[in-house]
Amino acid sequence: MKYHFIGIGGIGMSGLAMHLASEGYQVYGSNYEENERVEYLRARGISVFIGHSPQNFDKPDLVIRTTAIKQGNPELVRAIFEDVPTIYRMELLRKILADNISTCVTGTDGKTTTTAMVAKILFDDGRDPTVFLGGLNAFLADGNYRRGGKVIVSELDESDGFFASFKPENAIITNIRGDHLEHYDNSFENLKNHFKYFSKGVKNLLVFNADDPVSERLFKDGITFGKEKGLYRFSDRKTCLMSQTFSCWRGDSHMGQIKLMIPGEYNAYNAMAAVALTHELGVSIDTIKASLESFRSVDRRFTFRGMDNSRNLFFFDDYAHTPDEISSTIRGAREFFPDKNIIVVFQPHRYSRLVRENGRFALSLRDASEVCVYKLYEAYEKGQYAIDETEVLKGLSSYGVPAVHAVNYAEILDWLERKRDAVVLFLGAGDITEASKMSALKLCATH
């Protein structure tokens, strides 16, 4: 069996490609551009073409695509012309999970970190999980994938509605907010209905956030976690430089102290979701506590990029791209570095999200000491929009937050070269991560 992946360099697609290759199938694909996953796949012996062309076709038995691949794609056109079956990546993932014992983690926020936590706990407990992760984590042999046994832990992307058809043995729903509504007829009710339908397909154990008002109304049966409410709860959270601790409870039973080396109350919630699921699956609390203490962040989740010693600048990169995620990340940075200025380089992601959030990005950034707003990342959105990243600048000005506009990397670097004694957060879901790496490399190397 030979598989052709259109867009093989994506984080979800590359994991599936590695899985099929590890099963002994022939796998190759194409990608719009070179990236880290493309380089890694080639090192694994998987051929990747750069650019999309009918010449890339090599008599596959099945073509895998993402929703980002549109009907006019030349490889998709050739597949249709030659009657080669074509499926979406989520259909392939669903089939793989259906043939194994699956645990899925979905929700609006925190699913990548929570997935990684669950996978690591089960690994440390000797359960040999196969893992599909929507990010890179050092404990996984292949970054976003690990080949293990019949137990599968998978992040489940909720962005396009297909997730609702999955029927895993176990699932975590981290929370539910009105993101990606463009794929749900711009209806939050439609999104909620998809989550409700998904919950009814969970065969064994459903874990959800009791502090999330939407989840609390939608789901009646399951294991809950939270701070104020829930069967599994955390309390007495304390932070210090580069760590946090909190008490862990199951009902009225105190399970001890959890220590995390990653910041923010949001990560305490992620950890409690992982505690709830794995403890209910029979993992001892001692194993869970040790596993979480040694857990390190997923790439682009408060990832340390470097330090400019001469000017005492710390560089961190984070995927936060919604107002709530941005607020949480800034608060987490202030907890870890209470005596430092927190300055942000922020890149809005998608015109439609900027329109939908209607000023909330500036509101979420107002706790920063200073902000550099980078050019918007379109993410395949085309057409005319009467809005761009300058909307965020105007909002920040109204809140009295010092802010500048950058349209290229050189302008970001020029702004940073004048900063001292601060933590620099690069926030966003677009190519802002490349700016974070280049800035840290340039400034840390020269100072």
Side-chain angles (χ1 to χ4, degrees), residues 3-22 27-53 55-56 58 63-70 73-76 88-90 92-93 111-112 115-116 131-138 140-146 155 157 159-160 297-306 315-321 345 347-350 374-381 408-409 412 426-442:
Y3 292 86
H4 176 111
F5 282 75
I6 309 177
I8 197 169
I11 200 73
M13 291 281 272
S14 59
L16 290 169
M18 285 187 281
H19 181 73
L20 292 179
S22 71
V27 176
Y28 74 100
S30 63
N31 205 56
Y32 176 70
E33 60 186 0
E34 296 274 1
N35 63 24
E36 183 274 341
R37 284 292 88 182
V38 166
E39 293 177 6
Y40 191 83
L41 290 172
R42 285 176 176 152
R44 285 279 309 263
I46 297 173
S47 297
V48 181
F49 298 98
I50 297 302
H52 300 302
S53 164
Q55 303 304 315
N56 296 341
D58 189 21
V63 171
I64 316 297
R65 61 180 288 203
T66 69
T67 53
I69 301 302
K70 305 307 180 186
N73 179 279
E75 293 166 30
L76 185 59
Y88 288 104
R89 73 168 178 94
M90 293 289 278
L92 174 59
L93 178 61
K111 52 187 173 287
T112 304
T115 303
V131 183
F132 295 96
L133 187 66
L136 303 179
N137 194 250
L140 297 178
D142 292 304
N144 60 328
Y145 170 72
R146 178 186 185 271
E155 181 173 342
D157 180 11
S159 65
D160 62 7
S297 65
V298 176
D299 189 45
R300 298 223 62 220
R301 274 69 177 178
F302 208 77
T303 298
F304 179 61
R305 293 293 184 208
F315 296 90
F316 290 88
D317 184 17
D318 198 283
Y319 188 70
H321 62 285
V345 183
Q347 181 182 46
H349 183 255
R350 294 183 183 273
Y374 191 38
K375 63 181 179 181
L376 182 142
Y377 189 77
E378 294 182 347
Y380 305 105
E381 287 189 339
N408 56 48
Y409 162 64
I412 294 175
F426 290 82
L427 305 181
D431 55 8
I432 187 69
T433 187
E434 299 307 317
S436 80
K437 295 172 185 176
M438 289 188 291
S439 297
L441 182 65
K442 173 71 173 176

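Just so it is clear, the structure is predicted and the values come from calculations on it, not from any experiment. Along the sequence shown, residues carry numbers from 1.
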Among residues at least two apart in sequence or on other chains, which ones pass salt bridge (charged side-chain N to carboxylate O under 4.0 Å, His left out) with E39? none

Salt bridge (charged side-chain N to carboxylate O under 4.0 Å, His left out) involving E36 - partner list, sequence neighbours excluded: none

Check whether any side-chain heavy atom of L20 sits under 4.5 Å from a side-chain heavy atom of L92, and report yes or no. yes

Under the 3.5 angstrom rule, does the side chain of S439 hit a backbone N or O of S436 as a donor-acceptor pair? no

Partners passing ring pair (Phe, Tyr, Trp, His ring centres under 6.0 Å) against H321 (at least two apart in sequence or in another chain): Y319, H349

For the atom pair CD1 (I69) and CZ (F5), what is the distance rounded to the nearest 0.5 Å? 12.5 Å

L427 versus I432: any side-chain heavy-atom pair under 4.5 Å? no

For R305, enumerate each residue passing the salt bridge (charged side-chain N to carboxylate O under 4.0 Å, His left out) test, keeping only those at least two apart in sequence or located in another chain. D299, D317

Ring pair (Phe, Tyr, Trp, His ring centres under 6.0 Å) involving F426 - partner list, sequence neighbours excluded: none

Please give me the minimum heavy-atom distance between A21 and I46, naming the atom from each residue. CB-CD1, 3.9 Å

With sequence neighbours left out, write down each residue that passes side chain to side chain contact (heavy atoms under 4.5 Å, CB included) with S47, or none if nothing qualifies. Y28

Report yes if some heavy atom in the side chain of Q347 is under 4.5 Å from a heavy atom in the side chain of L376; otherwise report no. no

side-chain contact (heavy atoms from CB on, under 4.5 Å) assessment of R44 paired with M18: CA-CA 8 Å; R44 285 279 309 263; M18 285 187 281; 3.4 Å; yes

E75-S53 side chain donor-acceptor pair, cut-off 3.5 Å: no

Those residues at least two apart in sequence (or on a different chain) that pass side chain to side chain contact (heavy atoms under 4.5 Å, CB included) with L140 are V131, L133, R146

V27 side chain reached by H19 side chain, heavy atoms, under 4.5 Å: no

In terms of heavy-atom contacts, I412 and A435 come closest through CD1-CB, 4.1 Å

Nearest 0.5 Å please: distance from the CZ atom of R89 over to the CD1 atom of I8. 13.5 Å

Test T112 against T115 for side-chain contact (heavy atoms from CB on, under 4.5 Å), laying out the working first. CA-CA 5 Å; T112 304; T115 303; 5.8 Å; no

Can you see which heavy atom on G306 is nearest to which on A440, and at what distance? N-CB, 4.4 Å

Qualifying residues under ring pair (Phe, Tyr, Trp, His ring centres under 6.0 Å), relative to Y3, sequence neighbours excluded: Y25

To the nearest 0.5 Å, what is the distance between NZ (K437) and OG1 (T303)? 9.5 Å

Contact check, side chains of Y409 and K442, non-hydrogen atoms, under 4.5 Å: yes

Validation row: I6, N73 side chains within 4.5 angstrom (heavy atoms): yes

I'd like to check the side chain to side chain contact (heavy atoms under 4.5 Å, CB included) partners of Y88; sequence neighbours left out, ordered by chain and number. R65, T67, E91

Close side-chain approach of H4 to I64, heavy-atom, < 4.5 Å: no

For A141, enumerate each residue passing the side chain to side chain contact (heavy atoms under 4.5 Å, CB included) test, keeping only those at least two apart in sequence or located in another chain. none

How far does CZ of F302 sit from CZ of F316, to the nearest 0.5 angstrom? 4.5 Å

How close do G9 and N31 get, counting heavy atoms only, and between which atoms? N-OD1, 2.9 Å

I'd like to check the side-chain hydrogen bond (donor to acceptor under 3.5 Å, both in side chains) partners of N408; sequence neighbours left out, ordered by chain and number. none

Look at the rings of F132 and Y145 and say which category their plane angle falls in: under 30° parallel, 30 to 60° tilted, over 60° perpendicular. tilted

Any heavy-atom pair between the side chains of D142 and Y40 that's under 4.5 Å? yes

Qualifying residues under side-chain hydrogen bond (donor to acceptor under 3.5 Å, both in side chains), relative to N144, sequence neighbours excluded: S14, R37

With side-chain contact (heavy atoms from CB on, under 4.5 Å) as the criterion, how do D431 and Y374 come out once you've worked through the C-alpha distance, each side chain's angles and the decisive distance to 0.1 Å? CA-CA 10 Å; D431 55 8; Y374 191 38; 4.0 Å; yes

Go through the side-chain N and O atoms of T433 and R300 and say whether any donor and acceptor fall under 3.5 Å apart. yes

